[in-house]
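In this text the structure is predicted, and so the values were computed from the model without any measurement. Quick note on labels: first sequence line is chain A, next is B, and so on, each numbered from 1.
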Amino acid sequence: MRKFSISPPVAAILLAIVLFLLSGFLPNGFGNDINVAIAQATNIVRLAVFLGVIAAGQTLVIISGFEGIDLSAGAVVTLAAILTYVTVKGEDDKVLLALLISLAVGALIGFINGLGITFLKISPFVMTLGMSGVVTGLIIIINHGNVSGKVAPIMTRLIARPLSPDIPIPNAIIIWIIFGFLMWLLLERSTFGKHLFAIGVNRVTAKLSGVNVTATNLAVYSLAGALAGFGGFLLVGNTGVVFINLGQPFLFPSIAAVAVGGTLLSGGKGSYWGTMAGAIVLTLITSLLTTMQMPDSVRRMVLGATLLVMISIYGRQRGFRQ
Amino acid sequence: MKRFSWDEMMNRYPAFFAIILLVVALIINFILQPNMFARDTLNSNMRVFLPMILLAAGQAIVILGGGIDISVGGIVSIVNTILATQVGLNGSPEKMWTFVLVSLGAGILAGAINGFFIAFLRLQPIITTYATSFLYVGFALFILPNPGGGIPAEIANVYRNTTPLGLPLAFYVIAVVLLIWMYIRSTRFGNYLYAVGGNAEAAYETAVPVTWVLFSTYVVSGFMAALAGIAITMLSGSGNAEIGVPMTLTSITAVVIGGTALSGGIGGVAGPVVGAITLGIIQNIISFSRIDTWWETFVKASIIVVALAAPGVINLLRRKKV
Amino acid sequence: MSVSLSARNIVKRYGGVVALSDGNLDVHSGEVVALIGANGSGKSTMSKVINGVVVLDGGQLLLDDKPVRFSSPQAARKMGIATVFQELSLVSKMTVADNIWLTREPLKSSGMIDRKLMWEKTEALLDLFSGTFKADLKPATLVSALHPDEKQIVEILKAISLNPRILILDEATASLDSRQVERLFELVKRWKAEGKAIVFVSHRMEEIFRIADRYSVLRNGKTVGQGDIKDITEKDLIQLMTEKEKVFQFTKAASGEDTSGLDHPIYLEVENLTTETLRGISLKVRQGELLGIGGLQGQGQRDLLLALFGDIPYEGKIRIKGEVVRFKHPRQAMRKKLALVPGDRAKEGLLYIRSILDNFLLPSWQNYGFPLKMKLAKRDALTISERLSLVMAGLMAPVSSLSGGNAQKVVIGKWLLRDPDCYLLDDPTKGVDVNTKAEFYGLLTELSQQGKSILFYSSDDDELIGLCDRVIVLHDGKIRAELQGASLTKENLIAASMGVSNGGEA
Amino acid sequence: GTPATPTTETQATQPPQTGQQPTQPPVESKGPPFTIGISNPFISSEYRTQMIASLIEINKEYMAKGLTTELVIESADTDVAGQIQQLQNLMAKGVDAILVNPSDVNGLNATLQEAVSKGIIVISVDQELNVPGVYNVGIDQKEWAKTSAKWLAEKLGGKGSIVLIEGFPGHPANVARMEGVDEVLSQYPDIKVLAKDTGKWDEATGQQVMSNFLAAYPNLDGYWTQDGMAIGALQAVIAANPAKFPVGVGEGRCQFLKLWEEVLKDRPDFETIAVANPPGVSPTGLRIAVNMLLGKQVDKSKLGGVNGLSFVIPVPIIVTKDNLQQGLEICKDKPDAYLLDGIMTDQEVLNTFFLK
Ligand SMILES: Nc1ncnc2c1ncn2[C@@H]1O[C@H](COP(=O)(O)OP(=O)(O)OP(=O)(O)O)[C@@H](O)[C@H]1O
Ligand SMILES: Nc1ncnc2c1ncn2[C@@H]1O[C@H](COP(=O)(O)OP(=O)(O)OP(=O)(O)O)[C@@H](O)[C@H]1O
Ligand SMILES: [Mg+2]
Ligand SMILES: [Mg+2]
């Protein structure tokens with residue numbers, strides 16, 4: 001059997017386009033109205049931005065291998081959002097400070113994850129799961145009197161509003177494209193990225209080739225934390241409010257987005273633009289299911305089945321018998 | 001050369017550390033709650049722990065074989081909704097037995113679906129079972145869209161109050177589970193499990209039926225999840241399609257605290273059983289230690305992280321000494 | 001139990017790579033057939049065809065003249081075919097006994113494994129190699145705690161425990177020392193007498209001529225010659241394998257001159273180096289000197305190289321050009337212009353699923369700025385691959401698509417890119433075919449002529465004698481002998497390896 | 001979409017069960033101070049944190065009077081088995097009364113009955129249960145939803161196209177509320193419901209769903225939603241910035257009122273409503289428990305609900321454009337996530353539910 005080879009990110013994007021076009025035929029789809037279609041497409045991509053950014057850190061830790069995963073991302077998103085919210089207090093000139101705090105706190109939590117994983121040999125799955133509980137605990141301690149704050153107008157303008165009244169491209173999408181480019185630079189055009197892939201494939205080889213495995217691993221988890229922090233910062237700019245459960249719903253979809261984007265869950269191979277494609281596909285499917293007006297039970301089953309089909313197409317692992 | 005060392009012992013008695021942890025937890029709990037070994041207290045604790053114990057035992061088998069099962073909570077939900085809708089609050093014991101069998105069948109079927117995709121289609125376990133978890137919870141919602149229904153109180157009371165020879169029913173169930181495990185451990189299938197989890201490729205070359213072994217781990221996990229579903233239904237007496245969802249991640253934590261490595265091939269089932277009990281005891285400790293409410297989540301998560309970290313810390317100290 | 005197996009016109013493709021295009025092999029009871037070929041010629045693939053691990057794309061297998069089709073390793077095993085895999089088929093977290101008897105564990109009536117019986121049977125098997133391994137190799141030892149040669153022995157015992165009719169030994173001697181090889185050969189002779197059919201894969205000519213009755217030569221996936229060993233010379237065999245005329249001559253051995261380079265300054269000085277296996281090693285290496293390290297497997301050679309490279313902790317003193325250094329990590333050693341070619345290329349030297357380019361550049365990315373100058377990187381990688389005459393589909397192809405010898409070239413090539421002053425080589429020609437070996441020898445000679453210091457551990461005594469200026473022989477973590485000039489003979493080398501001191505000084 | 005922890009933010013009425021008579025064991029005459037236990041299986045929401053905080057606050061009053069000891073609070077995210085364990089631990093600690101915010105409508109029945117049989121006063125807050133002997137304290141969910149639905153229908157003049165964003169489908173509170181909404185809308189045949197989806201009771205999902213709706217139906221006239229999702233929905237409207245803002249249902253949270261005030265600056269004709277869903281029902285429940293422990297007799301005729309043991313608490317505040325300033329006044333020194341609340345005073349509780 002000749003294997004037709006198509007890279008997963010491309011497959012995901014093609015799938016997204018096909019699904020989107022098909023959705024035009026749904027009772028509540030865009031029908032023949034091109035304006036509605038564009039509005040819907042833009043909206044889906046805009047919604048995918050937040051999932052996509054939160055999945056960026058996830059992409060890095062998954063590439064770093066050894067069952068790398070970050071289950072604390074959801075809690076970190078919430079914590080960063082809360083910190084941003086209370087720091088900014090509606091003032092534009094505090095925004096940069098809030099961003100730095102989000103990144104730093106995220107990085108610190110990620111660093112602690114990294115310490116446990118690299119030095120104490122705790123499996124990433126349970127280490128970050130435990131850390132998720134710890135961070136949620138912190139949020140409850142901080143939040144029990146509830147928090148007061150406000151998002152600054154500049155954040156709303158830069159994140160939640162379109163580029164200009166005439167160009168209806170949401171700023172969030174522009175930010176995402178720039179962000180995607182930076183992620184590409186990091187992964188494909190930096191020594192760190194090359195070392196990251198290396199430790200994802202084989203840590204002994206990496207070490208014997210001069211890669212500082214410990215430092216790279218620590219850096220990956222710290223960076224993933226910082227990116228989750230950035231996700232929280234963006235998210236609060238969009239929602240305008242914070243609440244304890246803000247980030248958690250993004251956690252497992254972020255892993256799914258990475259997998260759908262073709263990154264090997266076993267590490268060493270993958271791309272961020274695959275994750276971007278994955279985030280768009282997942283958001284699209286969720287939106288489609290919304291439009292289709294089915295009971296929740298059927299929707300969940302359809303979502304599960306779609307995911308299964310997608311990973312069956314290109315998520316197959318090598319067989320023992322070739 | 002000291003080959004028969006700590007590592008050797010941890011390999012031989014993977015539950016060793018878990019048992020130490022349990023004993024420490026028990027002692028603390030006993031200090032805080034002197035009547036904890038009283039017949040009623042013991043029984044009321046054990047009947048609450050039992051569903052998680054069963055779930056963790058099944059999860060342990062999958063993890064030993066090198067996989068992971070994120071869908072166990074969904075299977076618990078299916079079983080719970082089947083029993084709650086089909087037996088009903090006024091059902092007869094015969095009906096209960098019939099649908100207990102049906103539930104076990106459903107669990108096996110759900111496990112077989114996971115196994116089919118993972119073992120035969122070679123999809124990655126974490127994302128596959130994530131996808132099927134949507135299928136299963138969706139299906140549970142389909143069976144029972146709104147919480148309600150249940151099983152007759154008399155049947156639930158059998159579960160709650162049966163204490164043969166003064167010992168909680170759960171003790172007997174645990175004993176049976178452990179005996180079966182010890183038997184399996186010393187059969188060929190047991191060896192296959194470790195071989196497949198340790199090095200699937202080598203196992204394949206040695207003519208181990210790798211695919212079937214993998215498949216069977218998910219079937220066992222599905223079966224155990226069904227047992228857990230039956231237990232939690234007996235405990236709660238009622239139906240709720242979301243009942244199993246929060247149990248999944250706890251079952252994985254229990255397995256790891258029990259000394260079974262997520263990388264596969266190392267550990268056993270006794271450890272995870274002990275781990276599940278330990279998690280329950282930790283909850284008791286939090287509850288009886290009268291710490292400030294707002295700190296509960298944080299302290300509990302921190303204790304779990306410390307418990308996960310402890311073996312690593314010991315290893316680190318040992319290495320320093322060498 | 002007479003048996004015969006024939007493979008006819010076997011075709012096997014891996015994706016785009018044609019591993020076998022016309023593979024042929026005949027083997028009968030009571031004979032040893034040597035399956036010979038350069039790296040990547042398809043020997044391992046042929047083995048996997050016979051034992052049912054791969055699906056064949058064409059051709060036919062005949063067992064006792066009847067066509068057979070194995071759907072799995074189980075099927076082949078049922079027909080009495082057992083294999084010693086080149087990459088081993090052991091589960092490291094399981095015990096020796098569990099590994100050997102996996103799928104055939106002796107059972108009690110209860111269906112439980114009779115572990116006691118299994119251990120006894122394992123002891124009996126281990127007795128076959130008694131005296132050639134350390135005493136702590138027991139049935140209950142974890143495989144992960146074993147040395148490579150011990151693992152190899154377990155792999156061999158695992159195959160033989162099947163009491164097969166047909167036994168395939170795919171480079172089973174590659175990580176064995178000479179004593180262990182001797183023992184294996186005694187056993188092979190016995191099995192032959194018992195009527196087993198044996199397929200023997202090795203790159204060591206001397207072994208082939210000692211043990212094989214017949215040969216079958218693969219070249220680029222095609223069988224290019226079969227016949228009786230007694231009808232062919234070593235030179236002809238090599239020509240069959242390589243098509244080419246030229247066969248490497250060891251320059252040093254041929255010239256016989258003493259080239260220890262007394263006039264060159266000392267580059268590396270080691271004083272009383274101690275690790276878990278080394279018990280006080282002192283040595284000096286000059287610039288441009290090729291220092292050989294000999295001895296049986298696992299006498300501390302690996303530790304010596306790893307300690308010098310900063311990969312494992314040590315006690316003692318190391319000086320480079322007179323300056324005391326203490327490396328805690330390989331990257332510090334690299335900064336001082338050291339390079340290490342590790343002993344296990346799959347596990348320690350390569351990133352299998354990454355591209356050849358990524359592998360070449362792994363130690364050097366820092367030198368390419370940010371954003372990385374990819375054009376420059378590609379050009380440099382291409383230069384190196386040409387220098388090594390690497391056979392590849394392209395720089396972006398994954399290393400997993402290369403044959404063993406070419407993969408090894410990548411491991412060495414990634415260091416050439418950094419132009420180190422000192423190379424630490426851990427058995428770099430293990431499992432490499434003659435042709436590629438010759439290329440390596442040429443490369444090493446060239447490097448030492450450029451003034452590079454080389455520490456060269458090899459499990460092949462001829463290489464040490466033929467190539468090195470000086471050879472130290474390790475035994476039990478100590479330098480047992482230092483051979484040089486006239487004392488550098490095979491007899492002395494073997495004697496020192498065994499711990500007998502005759503000639504040279506300790 | 002994740003199988004998330006069910007956000008048991010609110011209470012519910014529940015399909016009636018076979019008529020069991022409340023059986024009340026005699027409360028042992030034991031003097032103060034009483035110990036009261038709280039069982040809360042979900043803490044990851046502002047409603048719950050505010051609930052716990054105000055419980056602690058109100059209890060201080062009683063402690064000062066020597067009537068109660070410190071509350072014994074079991075409050076952490078956990079599952080059904082975990083809440084059963086919470087309740088068992090409260091019993092083991094020998095509390096005199098338990099306030100429980102249940103994670104499952106039937107799952108705790110046996111455990112709660114065990115508590116009742118031990119002579120413990122058990123009060124379910126924020127979620128109506130049908131367990132003999134167990135009291136319920138909460139608002140009437142259906143009426144609560146009808147208030148805003150009726151307001152919406154009237155604002156639209158009885159016609160137009162709207163969308164609905166609900167909480168967790170199947171969650172009892174959501175079921176009751178949606179029943180109320182359907183009941184109201186059935187009286188307005190010219191109001192067309194274009195679509196309905198779940199916002200899972202969280203702001204971000206609510207926002208996501210609303211943006212999808214706005215992309216698909218740019219000319220929406222109105223939307224009905226509830227709780228935290230309302231602020232998400234309004235954010236989505238602001239982001240989409242349609243020519244005419246749809247009339248939407250809001251929520252009684254300070255954050256929402258502030259956002260509302262802001263929107264009014266640009267869109268003075270914007271219309272919305274906030275009906276409080278008070279966490280204060282729990283402290284009110286605490287007052288009821290203390291008074292019962294003190295031996296005061298409940299006026300059974302004032303109780304209703306499925307098992308005839310429900311204390312129905314009136315909705316404390318409804319904010320429309322007319323009294324927005326008043327609402328903002330309350331919010332002045334409150335945190336943003338503060339839910340407009342109402343805790344009955346001891347006297348109000350006594351007057352409303354107890355025999356004189
Ligand atoms: N073979 C391996 N298998 C699994 N994990 C490994 C392996 N080798 C290394 N690691 C992981 O990488 C981490 C770092 O390894 P190591 O200390 O050897 O390199 P390093 O961090 O570069 O050295 P240094 O700490 O001196 O900077 C280890 O703690 C371990 O978690
Ligand atoms: N799993 C695989 N996937 C892709 N190509 C492969 C695979 N295994 C082998 N090959 C390719 O098939 C060819 C034959 O490989 P094989 O391992 O049979 O060679 P060999 O003669 O055993 O070499 P060596 O002496 O190095 O062990 C090589 O070109 C190799 O790269
Ligand atoms: Mg080979
Ligand atoms: Mg060799």
Distance-only side-chain donor-acceptor flag, C:Asn359 / C:Tyr352, under 3.5 Å: no
Atom NZ of C:Lys337 with >12 non-hydrogen neighbours under 6.0 angstrom: yes
Non-hydrogen atoms of chain A under 4.5 Å away: do they reach the side chain of [X], the backbone, both or neither?
X        : result
C:Leu306 : side chain
C:Ala377 : neither
C:Leu362 : both
C:Lys414 : side chain

Test side chain to side chain contact (heavy atoms under 4.5 Å, CB included) applied to A:Lys269 and A:Val201, step by step: CA-CA 8 Å; A:Lys269 207 171 183 179; A:Val201 182; over 6 Å; no
Taking [X] for the side chain and [Y] for the main chain, is one N or O donor matched with an acceptor at less than 3.5 Å?
X        : Y        : result
C:Trp415 : C:Leu340 : yes
C:Arg418 : C:Pro363 : yes
C:Arg354 : A:Gly268 : yes

Residue part contacting chain C, namely of A:Leu186, when any heavy atom lies under 4.5 Å: neither
Selection from A:Ser190, A:Gly193, A:Ala206 maximising heavy-atom pairs under 4.5 Å formed with chain C: A:Ser190
Top of C:Ala333, C:Gly349, C:Gly369 for chain A proximity - count of heavy-atom pairs under 4.5 angstrom: C:Gly349
Largest heavy-atom contact set with chain A, pairs under 4.5 Å, which of C:Asp344, C:Asp358, C:Asp57: C:Asp358
